[in-house]
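A quick write-up on the structure given underneath.
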There are 2 protein chains.
Amino acid sequence: MQSTDRPQFEIDEADIPAGCKACGARQFGICSALKASELTHFSTVTRRRKIVHGETISFEDDEVVDYANIVSGAVKLTKLLSDGRQQIVGLQFAPEFIGKPFSEKVSISVEAATDVEICVFPKTELENMLKQQPDFEHRLLEQTLIQLDDARTWMVTLGRKTAQEKVASFLLLLADHIGKPAPDNPTDSEFMLPLKRADIADFLGLTLETVSRQMTKLRKMGAIDIRKNLEVTVHDTDRLIAISGGD
Amino acid sequence: MQSTDRPQFEIDEADIPAGCKACGARQFGICSALKASELTHFSTVTRRRKIVHGETISFEDDEVVDYANIVSGAVKLTKLLSDGRQQIVGLQFAPEFIGKPFSEKVSISVEAATDVEICVFPKTELENMLKQQPDFEHRLLEQTLIQLDDARTWMVTLGRKTAQEKVASFLLLLADHIGKPAPDNPTDSEFMLPLKRADIADFLGLTLETVSRQMTKLRKMGAIDIRKNLEVTVHDTDRLIAISGGD
DNA sequence: CGCGAAATTGACTATATTCAAAGCTAGTGG
DNA sequence: CCACTAGCTTTGAATATAGTCAATTTCGCG
């Protein structure tokens with residue numbers, strides 16, 4: 001975006017650990033609360049991990065041993081009913097934080113929806129950092145409040161919207177997080193679906209057949225286009241918002 | 001519960017502000033993070049407010065001016081769709097915290113489900129306290145994490161459970177929060193419904209007729225008893241858990 | 001007792017699910 | 001390069017679950 005190579009934060013930039021330089025969490029995630037020196041310390045206890053699409057990062061009721069920031073990709077948070085019914089309770093993208101601090105057990109499975117890169121740090125390290133750095137805890141509280149808001153917004157979708165509205169809401173959510181302007185028509189938004197139909201169904205509280213039917217309907221209405229089952233173009237965002245029932 | 005009058009916290013108890021003495025928030029809410037002296041200061045800027053059943057405490061998209069702890073009663077958090085469809089996204093009981101720190105606008109309406117008493121404090125006071133007292137912020141983070149967990153648990157109910165399971169889950173939630181052992185049969189749990197059928201429907205993502213039918217069914221199955229439309233007795237909690245689809 | 005609000009019950013309908021079959025798509029090996 | 005396969009997706013027909021509309025009953029309260 002800038003024509004010069006001048007760094008944006010001239011004072012700090014040189015001291016930023018190499019691994020953190022390109023990491024979104026440093027600018028927008030919880031690490032933004034850390035000073036260069038703290039970040040340097042922190043970076044000695046973190047490690048990068050690549051996770052392929054479909055792999056589970058942590059299981060429901062596993063013991064909590066680690067936390068992580070998402071560096072790239074998307075993860076899905078799922079909850080299970082005892083008879084196997086499943087609900088995806090959240091999608092998270094870079095540079096969001098994964099993990100539930102201060103609890104012994106997690107009640108959620110975290111699975112890589114796309115190929116994912118995460119920056120992992122041990123439970124004790126994070127908890128120390130939280131104790132020593134009120135700013136850090138503050139940043140985490142802010143992120144948690146956003147997640148709470150997202151969860152409650154999605155509850156309206158789950159409880160009160162029709163299948164058509166749910167699918168439209170889902171596509172808008174993705175356009176918002178990972179959509180890019182289409183090269184040929186910049187008012188269109190393009191993205192790759194990070195979830196297959198069955199997962200979309202688990203996110204929307206529908207069956208995969210219903211999701212498929214509604215996608216087809218939206219396509220025939222001209223609101224969207226889908227190629228190769230997962231390349232989506234949103235032609236008319238306002239129209240899709242109207243279809244989604246708003247919020 | 002205790003036969004002697006000896007206070008539980010001998011050192012502090014004498015210094016606790018009178019209004020805080022019987023308040024659940026002091027023991028279990030965010031105020032538990034405050035020392036006696038801090039509590040004394042804090043209590044000078046708080047005020048008690050009684051709100052009758054049905055009254056709205058703050059409207060969706062109102063500006064945030066206050067926060068509060070619930071001293072007694074239950075409040076419902078609701079979200080609206082533009083065409084009027086409504087979803088209750090949370091029920092809160094004493095001594096929980098109400099309000100969304102650090103944001104200019106709230107995206108939720110807060111309404112008294114029963115007659116409610118709250119302890120109100122100005123936005124700036126709370127935010128100062130949070131800055132000065134990391135423990136206080138920590139306690140708020142913990143409560144927020146619990147609310148996030150509750151919200152996600154409820155998402156499973158909304159997205160994946162049948163009407164019957166939803167109603168059973170709702171009754172179990174209430175038994176858990178406000179249920180008391182029945183005088184005649186202590187294995188039974190009794191409580192008053194804080195919501196009318198239309199509200200229960202908005203909480204469960206159903207219509208009021210469906211809620212009514214499922215209540216009748218549960219009554220005929222012998223799992224519960226309802227008198228005067230709002231006095232509920234749960235006869236067999238395990239049975240109700242089985243019906244609820246577990247979690 | 002009588003009124004208004006809320007809850008129940010009934011009959012019918014709509015929406016999404018279920019079960020089943022056929023069509024794509026991407027990847028593999030001949 | 002094409003055929004073959006495995007996994008997903010789409011489509012169709014029949015069904016079930018919850019929603020809608022309407023009538024009746026119960027409850028709370030003056």
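Please read all numbers here as calculations on a predicted model, not as lab measurements. Per chain, numbering begins at 1; letters A, B, ... match sequence-line order.
In the set dT9(C), dT9(D), dA16(C), dT9(C) carries the atom at the smallest distance from any side-chain atom of E209(B). Distances were taken from every side-chain heavy atom of T162(A) (C-beta onward) to each of dA7(C), dA16(C), dT9(D); the shortest belongs to dA16(C). Among the nucleotides dA26(C), dT11(D), dA7(C), the one closest to the side chain of T216(A) is dT11(D). Here the side chain of S212(A) is nearest to one of dT10(D), dG19(D), dT25(C), namely dT10(D). Nearest nucleotide to the N229(B) side chain, out of dT9(D), dA7(C), dA13(D): dA7(C).
Atom P of nucleotide dC24(C) and atom CD1 of I226(A) are separated by 15 Å, given to the nearest angstrom. M215(A) places its CE atom 18 Å from the P atom of dC24(C), with the value rounded to the nearest Å. In this entry the distance linking CD of E231(B) with C1' of dA7(C) reads 15 Å, nearest Å. Distance, K161(B) NZ to dA16(D) C1': 21 Å, rounded to whole Å. Summarising the geometry, the separation between CG on L230(B) and P on dA7(C) is reported as 8 Å, rounded to the nearest angstrom. In this structure, H53(B) atom NE2 and dC29(D) atom P are separated by 10 Å, rounded to whole Å. Rounded to an integer number of Å, the gap from CZ of R213(B) to C1' of dA6(C) is 15 Å. A straight line from CZ of R227(A) to C1' of dT10(D) spans 18 Å, rounded to a whole angstrom.
A sub-4.0 Å separation between OP1 or OP2 of dC27(D) and a side-chain N or O of K228(B) is absent. For dT17(D), neither phosphate oxygen OP1 nor OP2 lies less than 4.0 angstrom from any side-chain nitrogen or oxygen of T210(B). Taking 4.0 angstrom as the limit, R197(A) places a side-chain polar atom (N or O) nearer than this to OP1 or OP2 of dT10(D).
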Take K79(A) and S109(A) through the test side-chain hydrogen bond (donor to acceptor under 3.5 Å, both in side chains) and record every step on the way to the result. CA-CA 6 Å; K79(A) 269 178 162 296; S109(A) 293; over 6 Å; no
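Note on L206(B): only backbone sugar-phosphate atoms sit closer than 4.0 angstrom, heavy atoms only; bases stay farther off.
Salt bridge status for K50(B) with D115(B): absent, with no side-chain N to carboxylate O gap under 4.0 Å. Between E165(B) and K161(B), none of the side-chain N atoms (NZ, or NE/NH1/NH2) sits under 4.0 Å from a carboxylate O, so this pair counts as no salt bridge.
Two residues are said to be in side-chain contact when any heavy atoms from C-beta on lie closer than 4.5 Å; V75(A) and I98(A) meet this criterion.
Checked by distance alone, R219(B) brings no side-chain donor or acceptor within 3.5 Å of a matching partner on the base of dT9(C).
For the side-chain hydrogen bond (donor to acceptor under 3.5 Å, both in side chains) with Q164(B), the lone residue among K217(B), Q214(B), R213(B) that qualifies is Q214(B).
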